[in-house]
Undergrad: 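One structure, pasted below without further comment.
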Amino acid sequence: MNDILIQGGRVIDPARGRDETANVTIAGGKIAKIGQAPAKAAHVIDARGLIVCPGLIDLHVHCREPGHEEEETIASAAGAAAAGGFTTILAMPNTHPPLDNEASVQYVLQQSARAARARVLPVGCITKGREGKELAEIGMMLAAGAVAFSDDGDGVASAAIMQRALQYARSLDVTIMQHCQDPDLSGGVMNAGAVAVRLGLSGLSTAGEEIMLRRDLALLERTGSRYHVQHVSSAGSVSMIRWARGKGMRVTAEATPHHLLLTDAACVTYDSNYKVNPPLRSADDVEAVRQGVVDGTITCLATDHAPHAAEEKELEFGLAPFGMISLECALGLYAKALVETGLMDWPALIARMTTGPAQVIAPRHPGLGTLAAGQVADVTVIDPDKRWTVRTDDFLSGSRNCPYEGWALRARPVATIVAGKLVHSL
Amino acid sequence: MAKKASSSSPRTDPPAPADAFVWTRKDLLGLDELSAQEILHVLDTAGSFEEVSTRSIKKVPALRGKVVALLFFEDSTRTRMSFELAASRLSADTLQMSAKGSSVTKGETTLDTARNIAAMGVDVLVIRHSQSGAPHMLARQMPESIINAGDGQHEHPTQALLDMYTIRQRLGGIEGLTVAIVGDIAHSRVARSNILGLRKLGARVIVVGPPTLVPGAITAMGCEISHSLDDVLGEVDVINMLRIQFERFSSNLFPSVREYSQSYGLNSQRLKRCRKDVLVMHPGPINRGVELTSDVADGPNSCILQQVTNGLAIRMAVLYLVTQGNR
């Protein structure tokens, strides 16, 4: 007897080029069968009119544990992720203390198993203490279960350290993720430009992002490692990534909902929920990032879900911390930016949330991001025409710093299955 | 609670301006959100308050029974004293807080500090803060009137209003004038408020300074840019010299005080190349010998002390209007 039958949905699996009406059965935590034949199961999900796809993957989540459990825990992030249709999320290591050793990597995995919602996979620090000075024990963390490495929150300032990290990671076949921001140009609180000038706020220019990306590409050309550009925000970065991929370099990149939907004009009321790093950019940058996602320069969509306590976000714009949350509404936001605009169809969008991110962590978790008999059953069921309104009060996340409160969206996950277990349903 | 403040004296309310415009704002946050009509209304209201300072008893009961709290999270001398005197001339009670020796040094947030002081029964909070947007954040969350007395590098609306008041007094009007604002435009709240206000009243504004102190994107606010003071001297009716802060040199925005002064300082030679009745302004405090030489600062074209005098009338007008707007 099957555990779950997802009946009559539009099954989209970009990795295998599948897009057809079919039944999906799940047994023993694995996909049993995908096909037209009738089936039976203990639990039946009627998916007529719905999309059934591989579990969504978010490469960029701040779980805040350990250190700031009042803002988010691994369990609350895993719950929020499941509600957002994600079956796998990557936890960024800028916690307190940072995830820079095998014990902390194991801790994340243990908390993830305990929460039993979306799967939380740890990203380890590139350098000890995220200080940018000495390499962290990348190999030991990898053996303990880390899936990628990043000093996210800061870029690795030293070209020499970055070169060594790339060289070292190549031998381990693991991805180095970079938050591209030149530290000398990092004093600002919003995008440099006419809005910042008018508001009297210090600017972060796109040059700061592009300088570090250009440097890293120069290193990458010589090391041939796997390199991932986090939260691409500038048109110039998109062009550079397009060029590098054209040259055959192993570069991947991600775009966030906010860099696809919002511009720096949103900062005019000094609402710190719009303070994010990299900052909201110009309309031209938004257009370029969208285009990068459409043409496959940017193969991943990632939220950069960054919870902060209300009292921190109630500070003055210049003093409030960077970050916004979006795990629980990300799918609707992506659809708004990319599907409702006519730029992409659903299979292409789903590819950016499954195949693309799965490829980044493929050496560690080869089965993710696709639906195939015998594979682990991570499945998301999406209602592409579900009209709903974002209410942060209903969020499972431990924080509420979400600028999308009250937004009317049109797509929503209605069931999330992780390793054969239904962890969320509407 | 507070009775209509004007009930006891026929001399309380200033005569209504001819257009019978009704002010509805509870806050004065900046000139960005004000219309030309609102700006003119403040200037006209200030005009009717100016007379109060000429009386032997320099006081009216317009804000009797009201409490005005001066929350200066950043140091200030003249703006704070000007607001304090303006409030007492309107018969309001005043509370004062400066960042030093306050709960701010104990780590209290700006919002908590403001709410706690407001809980004592305050009607108007006058805020000076080093963070751009701090008064806006408070105004969004508090029912009391908020007056921006300078926020970070953003706006200093009462300074720009008193500057415009002074220009109008000296030159008869603002429309059609050419005004140069010279110096550290990038970090200046006085510049931003002046650009916005002067443009709304129909003046042409040229900002002057080196590219490191004049962001190119400032033209989106409607002004022009020049990097040469000498080039614009012949065309200006008003020249507003901003104070240059010495930390700008240490952060490499300009090589030296000497070089700045030679390129952008106003001295008597440069003044000779301006039109004879050019108006020289400065928001103070002056670095004598840097942005202005003493002969220019104290000469007949200067209206620097008049600006300070007019600041009082402007602040009386603003305090009066926001309390009217928050009924």
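Protein chains get the first letters and strands the later ones, always in sequence-line order, with residue 1 at the start of each.
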Undergrad: For the atom pair CG (A:Leu199) and CD (B:Glu155), what is the distance rounded to the nearest 0.5 Å?
TA: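 Reported value, rounded in 0.5 Å steps: 9.5 Å.
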Undergrad: Heavy-atom distance under 4.5 Å to chain B: side chain of A:Ser202, backbone, both or neither?
TA: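 Neither the backbone nor the side chain of A:Ser202 comes within 4.5 Å of chain B.
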Undergrad: Please look at B:Met221 and chain A and tell me whether the side chain, the backbone, both or neither of the residue comes under 4.5 angstrom of a heavy atom of that chain.
TA: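 Contact with chain A is through both the backbone and side chain of B:Met221.
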Undergrad: Name the region of B:Leu196, side chain, backbone, both or neither, that has any atom closer than 4.5 Å to a heavy atom of chain A.
TA: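 For B:Leu196, the side chain is the part near chain A, not the backbone.
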Undergrad: Can you tell me how the ring of A:Tyr270 sits relative to the ring of B:His136, calling it parallel under 30°, perpendicular over 60° and tilted otherwise?
TA: tilted
Undergrad: Any side-chain heavy atom of A:Val197 within less than 4.5 Å of one from B:Arg192?
TA: yes
Undergrad: Chain A: which of B:Ser130, B:Gly216, B:Ala186, B:Gly133 shares the most heavy-atom pairs with it under 4.5 Å?
TA: B:Gly133
Undergrad: Do the side chains of B:Asp151 and A:Glu316 get nearer than 4.5 Å, heavy atoms only?
TA: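 They are not in contact (no side-chain heavy atoms under 4.5 Å apart), so the answer is no.
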Undergrad: Return the CG to CD distance between B:Asp112 and A:Glu314, rounded to the nearest 0.5 Å.
TA: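 Here the rounded value is 8.0 Å.
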Undergrad: Would you find a donor on one side and an acceptor on the other, under 3.5 Å apart, between the side chain of A:Arg198 and the backbone of B:Asp32?
TA: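 No, because the side chain of A:Arg198 does not come within donor-acceptor range (under 3.5 Å) of the backbone of B:Asp32.
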Undergrad: Could you check if a side-chain atom of B:Ser132 sits within less than 4.5 angstrom of a side-chain atom of A:Leu201, using non-hydrogen atoms only?
TA: yes
Undergrad: Considering only heavy atoms from C-beta outward, does the side chain of A:Leu315 approach that of B:Gln131 to under 4.5 Å?
TA: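 No. Closest side-chain heavy atoms not under 4.5 Å.
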